[in-house]
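Comments concern the structure below.
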Amino acid sequence: MYANLKKATQLQTRQTGMLKSYDGAEERRQQMLSTALDRAAGKKIKDDPKRILKALAKRRNKKRSSAKKWAERKRNLQSSVDNYVDERRAQKQRTIASKDAKKNKKAEKKGGSAGGGKGKGGSAKGARKDSK
């Protein structure tokens with residue numbers, strides 16, 4: 001695009017210099033005729049520096065906006081991943097707490113320590129005494 005812009009500005013300055021002489025004006029008329037025929041044939045003519053600058057600005061703005069959108073997508077993805085990880089961690093902690101609570105409740109019911117079963121030493125409530 002920048003090469004087209006450079007060519008278009010050079011062409012424009014050359015054309016303004018052509019109009020000072022009769023031969024230059026004739027050459028300019030021939031160029032205008034050939035470009036008009038090319039346009040009519042459907043060929044793309046890139047000789048207007050203003051339009052080229054406008055296209056460059058449009059491309060630059062589109063690139064900038066797509067970069068912003070991509071950053072937003074990336075940020076959303078990261079936050080959703082973080083939320084998922086936090087939820088899983090919380091769920092795991094709830095599950096562990098629930099299992100511990102069940103274990104403690106069962107141990108209290110038996111009357112033993114939280115480890116369950118017979119402990120060393122004295123007899124637990126409701127524990128069998130092995131006599132020999």
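When a residue number appears, it is its place in the shown sequence, counting from 1. Just the heavy atoms: all of them, side chains too, but no hydrogens, waters or symmetry mates, feed the values below.
In this structure, Arg73 places its CZ atom where more than 12 heavy-atom neighbours from other residues, nucleotides or ligands lie under 6.0 Å away.
Every residue meeting the side-chain contact (heavy atoms from CB on, under 4.5 Å) condition with Arg60, not counting sequence neighbours, appears here in chain and number order: Tyr2, Ala57, Arg64. Applying the salt bridge (Lys or Arg N to Asp or Glu O under 4.0 Å) test to Arg75 and every residue at least two apart in sequence or in another chain returns Glu72. Annotation: salt bridge (Lys or Arg N to Asp or Glu O under 4.0 Å) contacts of Glu27 (sequence neighbours excluded): none. Partners of Asp23 under the salt bridge (Lys or Arg N to Asp or Glu O under 4.0 Å) rule, at least two apart in sequence or in another chain, do not exist in this structure. Scanning for side-chain contact (heavy atoms from CB on, under 4.5 Å) contacts around Arg39 gives Thr35, Ile45, Asp47, with sequence neighbours left out.
Between Trp70 atom CH2 and Ser66 atom OG the span is 10.0 Å, to the nearest 0.5 Å. Atom NZ of residue Lys110 and atom NZ of residue Lys106 lie 6.5 Å apart, to the nearest 0.5 angstrom. If you take CG on Asp48 and CG on Asn4, they are separated by 12.0 Å, rounding to the nearest 0.5 Å.
With salt bridges taken as basic N to acidic carboxylate O contacts below 4.0 Å, one links Glu26 and Arg29.
Looking only at atom types and distance, the side chain of Glu87 has no donor-acceptor partner in the side chain of Asn83 under 3.5 Å away.
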Validation: residues 90-102 side-chain donor-acceptor distances under 3.5 Å, sequence neighbours left out:
residue : atom : partner : partner atom : Å
Gln91   : OE1  : Arg94   : NH2          : 2.7
Thr95   : OG1  : Gln91   : O            : 2.8

Does the pair Asp82 and Gln78 meet the rule for a side-chain hydrogen bond (donor to acceptor under 3.5 Å, both in side chains), with working shown? CA-CA 6 Å; Asp82 290 344; Gln78 187 61 42; 3.1 Å; yes

